[in-house]
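The structure appears below as structure tokens.
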Amino acid sequence: MRVEKRSVGDLAVFGGEPAFAEPLHVGYPHVGDRRRLLERLDGILDSRRLTNRGPLVRDFERRIAEYAGVRHCIAMCNATVALEIVTRALGMRGEVIVPAMTFVATAHALQWQRITPVFCDVDPRTHTIDPACAEALVTPRTTGIVGVHLWGQACDVEGMQAVARRHGLRLVFDAAHAFGCTRRGIPVGGFGDAEVFSFHATKVLNAFEGGAVLTNDDGLAEKVRLMQNFGFAGEDRVVHEGTNGKMSEMSAAMGLTSLESFDRFVEGNRRRYRAYRERLRSVPGIRFLEHPRDERGNYHYIVVEVSGDRYGLERDELLCVLRAENIRARRYFYPGVHRMEPYRSYFPHAHLLLPRTERLVRRVLVLPNGATVDEAAISRIAEVFHLAHRHAEAVRNRLRGSPRTLAATTASGATSHVSTTH
Ligand code: T4K
């Protein structure tokens, strides 16, 4: 039986029973029609066709290309390798501009090839790359830009295209978060020279692990396809440098099964997003990332910004409160890619050019989503938000006296401190 949290003493940081017996996660995977998936897996085992662009991978590529309205889709083992391959195929080298407000993979995919990621600031409203900031970072060594469509919304595609055009730069979009989304009514997938999706387990459309390069450029598609398969153009004919970026049949089976339930996943996400907004509307200092009404979004990430002044607690303090309740919210992408290694050692002053990113990484909180988060769970989460706000001072004093609670907050490896000053 659930215990209602009526007074501050009911909060788990004060010793109350956690609001949830099991942890609620941000990346809890969607699973579609299990029977259909198992049928497909049986088929793979019967046919003994396990990988190397088998029939399921080809079908998956065709359907993803169709869905996004793009000529070519090359399915990959994950989005990180897809980014490495496509940026290499496009001849990016020297410096490439990327937002610092992203998952570390966007920068690592470049650094792995000894391309220097140059960190760019973002639009404070959308959290996505700001074209004017990007343009200010162009030097004679710049060869390209990797824009990121964050949180299921496209970045300023037209702005980035204009910058790329003016300076003769290659343009790739990391669309890891944006499968199923539109920009000005056009599906994400066909913008720039190429776009990259992720189908990782934690994404809205999952293939266990997986990714894809999408492009309308026939020549680029051919090159990417060669490079993801060791450069093989025939049984014993290698015509290009290459690596192994292939998707397996098992991943394609999951991807196809997920695709069949995709609309249902998005509908569930949208419902949860609305329920969260509704329940948290009256909490001061909690601002939701807006999804443009006239675009299609996937609502996969429930993103809020916490204003410490108005809420009464800083983001990291609230995170401690939530974690104690088994609400495993995440502070993506703290502390900012520019503050992670090797970048913080290479560019110790990068933060000076990234004031908006610096502010966001101290305020953003991503809330649990997925099938286990029903309306009742959202109400309970909201109760915790309200209670912690109403008793902010007591909560803060309690946290200051419990360093172990703070350590537990970041048990997943991040280093934390309650103070948000750097
Ligand atoms: N570009 C961007 C903008 C990205 O966000 C990403 C990946 C990439 C590129 C690269 O894509 P891939 O190469 O991965 O295809 C997670 C994901 O691992 C990562 O794919 C994702 N972005 C990132 C935003 O989130 P972590 O380290 O936070 O994941 P993890 O393992 O802590 O998972 C989050 C939570 O999800 C867990 O606490 C529990 C739950 N979970 C996770 C997995 C893997 C499950 O319930 N089941 C699972 O199987 O990075």
Side-chain angles (χ1 to χ4, degrees), residues 20 22-31 64 74-87 96 98-112 117 119-120 122 126-129 146-155 172-179 181 188 194-214 228 243 245-248 251 254-255 258 298 300-303 319 322-323 326-337 340 357 361 364-373 409-414:
F20 298 93
E22 296 294 327
L24 290 189
H25 290 295
V26 166
Y28 192 72
H30 290 294
V31 176
I64 295 290
I74 301 110
M76 298 265 181
C77 52
N78 60 55
T80 308
V81 169
L83 280 167
E84 286 170 15
I85 291 177
V86 73
T87 51
V96 168
V98 287
M101 182 71 186
T102 185
F103 190 59
V104 70
T106 319
H108 274 359
L110 300 167
Q111 181 62 36
W112 196 251
F119 295 113
C120 180
V122 293
T126 61
H127 308 181
T128 58
I129 189 165
V146 179
V148 181
H149 304 313
L150 217 54
W151 314 135
Q153 37 147 28
C155 66
V172 166
F173 291 106
D174 174 341
H177 294 193
F179 184 76
C181 304
V188 165
E195 303 210 55
V196 170
F197 287 128
S198 168
F199 304 120
H200 182 257
T202 56
K203 294 294 185 291
V204 64
L205 181 80
N206 99 73
F208 299 134
E209 287 272 5
V213 171
L214 278 86
Q228 74 146 187
T243 182
K246 290 169 291 166
M247 176 181 268
S248 73
S251 280
M254 184 62 167
S258 301
N298 60 33
H300 191 60
Y301 291 96
I302 312 277
V303 180
L319 185 62
L322 297 174
R323 290 283 177 102
N326 257 334
I327 303 163
R328 297 195 65 82
R330 296 292 293 259
R331 51 180 181 175
Y332 288 133
F333 291 103
Y334 180 85
V337 178
M340 296 176 179
T357 303
V361 295
V364 166
L365 203 54
V366 183
L367 304 178
N369 201 356
T372 50
V373 185
T409 297
T410 53
S412 58

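Residue numbers count from 1 along this sequence. In listed order, ligands and their atoms are each counted from 1. Note that this is a predicted model, so its numbers are computed, not measured.
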Fill in the blank from the handout: Contact region, E209 to ligand 1, non-hydrogen atoms below 4.0 Å, reads neither
Fill in the blank from the handout: for atom 9 (C) of ligand 1, nearest protein heavy atom and its distance come out as D174 OD2, 3.4 Å
Practice task
Considering non-hydrogen atoms only, spot the tightest contact between H25 and R328 and give its length.
Solution key: CE1-CD, 3.7 Å
Exercise for the section: Specify the protein heavy atom at minimum distance from atom 43 (C) of ligand 1: its residue, its atom name, and the distance to 0.1 Å. Expected result: T202 CG2, 3.9 Å
Exercise for the section: Name the orientation class of the two ring planes belonging to F179 and F199 (parallel below 30°, tilted from 30 to 60°, perpendicular beyond 60°). Expected result: perpendicular
Handout entry: Nearest non-hydrogen partners of V26 and R330, listed with the distance
Key = CG2-CG, 3.6 Å
Fill in the blank from the handout: Closest non-hydrogen atoms of V337 and A107, given as atom of the first, atom of the second and distance, are CG1-CB, 3.7 Å
Practice task
Return a yes/no value for A79: is any of its N or O atoms, backbone included, closer than 3.5 angstrom to an N or O of ligand 1?
Solution key: yes
Completion exercise
In this structure, atom 18 (O) of ligand 1 is nearest to the protein heavy atom H200 CE1, 3.1 Å
Problem - atom 25 (O) of ligand 1 touched by protein heavy atom at under 4.0 Å - result: yes
Practice task
Please answer whether the main-chain N or O of C155 pairs with a side-chain N or O of H149 as donor and acceptor at a distance below 3.5 Å.
Solution key: yes
Handout entry: Y301 N/O to ligand 1 N/O under 3.5 Å
Key = no
Completion exercise
atom 19 (C) of ligand 1: closest protein heavy atom, distance to 0.1 Å, is K203 NZ, 3.6 Å
Practice task
Starting from atom 32 (O) of ligand 1, find the nearest protein heavy-atom neighbour and note its residue, name and distance.
Solution key: R330 NH1, 2.9 Å
Handout entry: Protein heavy atom at shortest distance from atom 8 (C) of ligand 1
Key = F103 CD2, 3.7 Å
Handout entry: T80, portion touching ligand 1 at heavy-atom distance under 4.0 Å
Key = both
Completion exercise
With heavy atoms and a 4.0 Å threshold, my read on which part of A105 contacts ligand 1 is side chain
Problem - Nearest non-hydrogen partners of L319 and A329, listed with the distance - result: CD1-O, 3.5 Å
Practice task
Please write down residue, atom name and distance for the protein heavy atom closest to atom 35 (C) of ligand 1.
Solution key: G27 N, 3.9 Å
Practice task
For the residue pair Y332 and Y301, categorise the inter-ring angle as parallel (less than 30°), tilted (30 to 60°) or perpendicular (more than 60°).
Solution key: perpendicular
Handout entry: For atom 12 (P) of ligand 1, the option (of A82, A175, A201, S198) bearing the nearest heavy atom
Key = S198
Problem - Heteroatom proximity flag, T102 to ligand 1, N/O under 3.5 Å - result: no
Handout entry: Atoms of ligand 1 close to T106 [distance to a heavy atom under 4.0 angstrom, numbered from 1]
Key = 1 (N)
Completion exercise
Among non-hydrogen protein atoms, atom 5 (O) of ligand 1 lies closest to H177 NE2, 2.7 Å
Fill in the blank from the handout: Note: Y332, heavy atoms under 4.0 Å from ligand 1, region reported as side chain
Practice task
Answer yes or no: is there a side-chain heavy-atom contact under 4.5 Å between V196 and V213?
Solution key: yes
Exercise for the section: Under 4.0 Å from a heavy atom of G210: give me the atoms of ligand 1 that qualify, with their elements. Expected result: 15 (O)
Problem - Exercise: identify the closest heavy-atom pair between G245 and I85 - result: CA-CD1, 4.3 Å
Handout entry: Shortest non-hydrogen separation from G210 to M247 and the atoms involved
Key = CA-CE, 3.9 Å
